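Given the structure is predicted, the values throughout are model-derived calculations rather than measurements.
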There are 2 protein chains.
Amino acid sequence: MRPSRSGTFAKPWRSSTGSSSRPSMARLRDVADVAGVSVTTASRVLNGADASHPVSPEVRAAVTAAAEQLGYRPSATARALKQGRSDLIGVIVSDILDPYFGELTRGIEIASAAAGFVTVSANGNRDPEQELTRFRALRQHGAAGIVFCGSDIDGAPGTAALAREVNRAIREGTRVVSLAPRGFTSAQIVVDNTATSAHLTAHLIGTGARDIVFVGGIPGLAAADERISGYRSTMYERGLKPHVVGLDGMNQTAGRDVVATILAGATTPDAFLCTNDETAVGAIAALWNAGVDVPGDVAIASIGGTAGGRIFDLTAVELPLGELGRLAVEYVADDTDRVPDAPVATLRIGRTTRERTD
Amino acid sequence: MRPSRSGTFAKPWRSSTGSSSRPSMARLRDVADVAGVSVTTASRVLNGADASHPVSPEVRAAVTAAAEQLGYRPSATARALKQGRSDLIGVIVSDILDPYFGELTRGIEIASAAAGFVTVSANGNRDPEQELTRFRALRQHGAAGIVFCGSDIDGAPGTAALAREVNRAIREGTRVVSLAPRGFTSAQIVVDNTATSAHLTAHLIGTGARDIVFVGGIPGLAAADERISGYRSTMYERGLKPHVVGLDGMNQTAGRDVVATILAGATTPDAFLCTNDETAVGAIAALWNAGVDVPGDVAIASIGGTAGGRIFDLTAVELPLGELGRLAVEYVADDTDRVPDAPVATLRIGRTTRERTD
DNA sequence: TTGTAGGCGTTATCAG
DNA sequence: CTGATAACGCCTACAA
């Protein structure tokens with residue numbers, strides 16, 4: 001430990017003389033000066049282990065004390081610039097109001113924290129142009145990985161441009177993974193929506209339902225289209241006529257409005273099969289407002305797995321959301337290109353459907 | 001425009017020879033080289049207007065073309081390091097599953113985008129230590145501003161440490177604002193929870209309710225405590241006995257569980273006054289599951305303003321969430337220390353309460 | 001109208 | 001065991 005430099009020379013260009021100026025963030029250099037060591041040494045102490053460059057206990061203590069005293073926080077910006085990537089994992093969600101994405105994000109967060117990353121999420125708002133803006137920002141900030149949580153809308157203005165940008169980013173080394181079907185070349189960890197939906201449709205038929213209406217979706221949204229497809233083919237297989245309604249959204253409002261409209265009509269179906277928990281809750285709201293008995297008059301089921309569905313004791317195929325998030329981080333953190341297999345969904349029987357009668 | 005440098009010298013230290021190496025992100029220097037100009041000129045063109053340093057149309061076109069061709073994306077990291085702050089506005093939410101925070105975040109996002117910022121949110125999970133981690137990360141990444149969306153829990157382990165860190169950050173120049181009561185020295189833009197709750201309580205009494213149960217909260221959570229306080233004092237003023245239950249959460253599960261317990265008891269109250277929309281939806285789920293008529297048997301109201309409440313046509317004090325978010329950005333973007341006034345809440349009468357009988 | 005050079009805070013490479 | 005020094009990619013006085 002060499003003798004401390006004089007205070008005057010410690011921060012030559014910082015106005016330590018200007019009495020009323022507010023203190024700015026302490027830099028590594030400030031810590032080094034206070035501790036009376038070089039920035040190199042300070043860096044080594046504060047970075048933790050560096051086997052090839054041991055530091056004496058006294059110096060270590062001095063640096064630690066100085067850092068503590070100054071409230072030193074390393075600049076993630078400088079570190080990211082130097083190392084070519086930051087400690088951020090970015091999540092692009094399709095709808096910040098839908099807890100489905102919240103559950104995925106929580107899974108990502110937990111795994112991220114364990115791996116030393118910080119998760120930040122940005123709202124794509126189901127708009128390719130906003131997704132592109134957010135994706136760019138995350139990438140430009142050197143995110144170690146970027147996770148897309150929902151699918152894209154085929155043919156929507158901006159979808160192609162987003163795909164080009166993402167593909168380019170991937171070529172240039174950014175780790176990108178999607179937890180829903182997407183039209184770009186990223187890794188994808190996706191539960192089989194078609195099979196899942198077919199399974200749930202079969203279950204409803206098994207409970208005696210025949211007139212099953214599929215609720216919700218957005219034309220071109222891959223995940224939604226796949227669910228409709230699974231429903232349709234199962235209905236046809238059983239000789240039943242599929243009926244899809246409410247293709248104007250994946251949220252509670254979409255579900256409520258279309259179910260309310262149907263309830264105002266002449267006949268009520270046996271069951272509503274909702275594309276996700278949000279539309280299902282919307283459907284429940286419509287039924288509740290109309291005083292319709294569930295599952296006496298009509299059954300409801302959905303494809304989801306959020307807490308909101310369980311609150312209403314909804315019969316639902318529950319997707320393993322937390323696990324999907326964990327796998328996304330596993331892919332990002334792993335430097336190989338092995339893509340983890342998607343976990344499987346499970347059927348949870350609630351009180352919104354009848355017992356099986358067979 | 002000077003003659004192009006030879007390709008060999010353009011990227012001396014980059015292995016343009018290694019045929020199989022993947023292309024990395026283009027830098028400003030690469031653009032300049034391709035366009036045959038200096039980085040300064042390239043910077044000027046790509047940064048947009050700089051009146052004192054005009055650029056000739058040909059050079060401008062060459063640079064633009066080069067940037068386009070290379071897919072150039074400026075490094076936000078380098079820019080942030082140079083300029084001392086980034087274009088990020090960080091939002092710390094208390095519960096990523098609660099759309100209340102989603103609505104606030106959307107307000108922030110919209111205003112941010114208009115002001116040229118990018119909004120990223122991080123989940124504090126109602127845990128001061130996680131909030132601290134997220135806050136530090138955002139700050140270290142040079143966030144232009146950090147917005148807290150929910151209150152802190154007085155006395156919880158970590159709350160004091162968070163406050164110290166936030167206060168220090170503020171002293172050191174970080175713009176911090178809270179949209180809920182907090183125990184640190186940041187700007188706060190907060191709707192009057194006490195008055196709001198008192199107003200709603202009075203409304204319920206006006207509809208004829210006498211046995212009004214307040215549902216939900218977390219002891220020490222300022223916003224929740226204030227709502228309880230407004231309820232309590234109004235009840236006392238009218239000679240009624242307050243009854244607060246479910247102080248173990250602000251989410252749907254908390255609301256559902258406590259209401260289910262009450263419904264299992266001997267008597268049913270006249271009304272449930274829920275601390276937020278989430279507990280109200282939980283209460284509705286419990287009532288729905290139990291087949292209780294609303295508002296025939298019991299009324300429900302809440303303090304919120306999310307879409308979820310409107311779906312169920314809930315009587316609620318609606319907080320101006322989007323507007324609060326907008327004001328937060330206004331504060332962050334403004335370099336003065338003027339704190340915008342909080343907007344007022346409005347009462348929305350839905351079908352979950354009876355008509356006024358007076 | 002365009003270019004040169006220095007530095008933002010950190011880490012890595014090389015000397016001592 | 002410890003230090004000086006050179007980048008990382010960008011912006012911006014200051015030249016020319």
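A:Leu46 has its CG atom 16 Å from the P atom of C:dG9, to the nearest Å. The distance from atom CG of A:Leu28 to atom P of C:dC8 is 13 Å, rounded to the nearest whole Å. Distance CZ (B:Arg29) to C1' (C:dG6): 16 Å, rounded to an integer number of Å. Put simply, CG on A:Asp87 is 12 Å from P on C:dT11, counting in whole angstrom units. Nucleotide D:dG3 holds its P atom 11 Å from the CG atom of A:Asp33, rounded to whole Å.
Applying the salt bridge (Lys or Arg N to Asp or Glu O under 4.0 Å) rule to pairs touching residues 68-86 of chain A yields A:Arg73-B:Glu165, sequence neighbours excluded. Within the structure, side chain to side chain donor-acceptor pair (under 3.5 Å) contacts touching residues 112-127 of chain A (residues at least two apart or in different chains) are A:Ser112-A:Thr119, A:Ser121-B:Ser121, A:Asn123-B:Glu109, A:Asp127-A:Gln130.
Among the protein residues, B:Leu81 comes within range of the nucleic acid bases, having at least one heavy atom under 4.0 Å from a base atom.
Of the residues in residues 132-140 of chain A, not one places a heavy atom less than 4.0 Å from an atom of DNA chain C. A heavy atom lying under 4.0 Å from DNA chain D marks the following residues of residues 71-80 of chain B, by number: B:Tyr72, B:Pro74, B:Ser75, B:Ala78, B:Arg79.
With sequence neighbours left out, A:Tyr331 forms a ring pair (Phe, Tyr, Trp, His ring centres under 6.0 Å) with no residue at all. For A:Ala156, the side-chain contact (heavy atoms from CB on, under 4.5 Å) criterion is met by A:Pro128, A:Ile153, A:Thr159, not counting sequence neighbours. By the ring pair (Phe, Tyr, Trp, His ring centres under 6.0 Å) test, B:Phe184 is found to be paired with B:Phe148, residues two or more places apart in sequence or in another chain being considered. Residues satisfying the side chain to side chain donor-acceptor pair (under 3.5 Å) test with A:Asp87, not counting sequence neighbours, are B:His141. For A:Ala78, the side-chain contact (heavy atoms from CB on, under 4.5 Å) criterion is met by A:Ser75, B:Leu81, not counting sequence neighbours. Evaluation of the ring pair (Phe, Tyr, Trp, His ring centres under 6.0 Å) rule for B:Phe101 yields no partner, not counting sequence neighbours.
Annotation: the terminal axes of the helix from C:dT1-D:dA16 to C:dG16-D:dC1 meet at 50°, where each axis is the rotation carrying the C1' atoms of four end pairs onto the next four (5 pairs per end, rounded to 10°).
The shortest non-hydrogen separation linking A:Phe117 to A:Ala333 is CE1-CB, 4.1 Å. Of all heavy-atom pairs between B:Leu28 and B:Ala42, the closest is CD1-CB, 3.8 Å.
Salt-bridge check for A:Glu330 with A:Arg338: passed, with a basic side-chain N closer than 4.0 Å to an acidic carboxylate O.
Dashed line: the shortest gap from a side-chain N or O of B:Arg27 to OP1 or OP2 of D:dG9 is under 4.0 Å. In this model, the phosphate group of C:dG3 is approached by a side-chain N or O of B:Thr41 to a distance below 4.0 Å at OP1 or OP2.
When each of B:Val45, B:Leu46, B:Thr64 is paired with B:Val31, the side chain to side chain contact (heavy atoms under 4.5 Å, CB included) condition holds for B:Leu46 and for no other.
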Query raised in the report: After noting the C-alpha distance and the side-chain angles of B:Arg136 and B:Glu131, does the key distance pass the salt bridge (charged side-chain N to carboxylate O under 4.0 Å, His left out) rule?
Result: CA-CA 8 Å; B:Arg136 275 200 186 132; B:Glu131 289 179 329; over 6 Å; no
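With B:Asn167 contributing its side chain and B:Arg164 its backbone, the two residues share no donor-acceptor pair below 3.5 Å.
Here the nucleotide nearest the side chain of B:Val55, chosen from C:dT2, D:dC1, D:dG3, is C:dT2.
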Extract from the structure each pairing of a protein N or O with an N or O of nucleotides 12-16 of chain D at less than 3.5 Å, listing the distance.
{"from": "D:dT12", "atom 1": "O4", "to": "B:Thr40", "atom 2": "OG1", "distance (Å)": "3.4"}

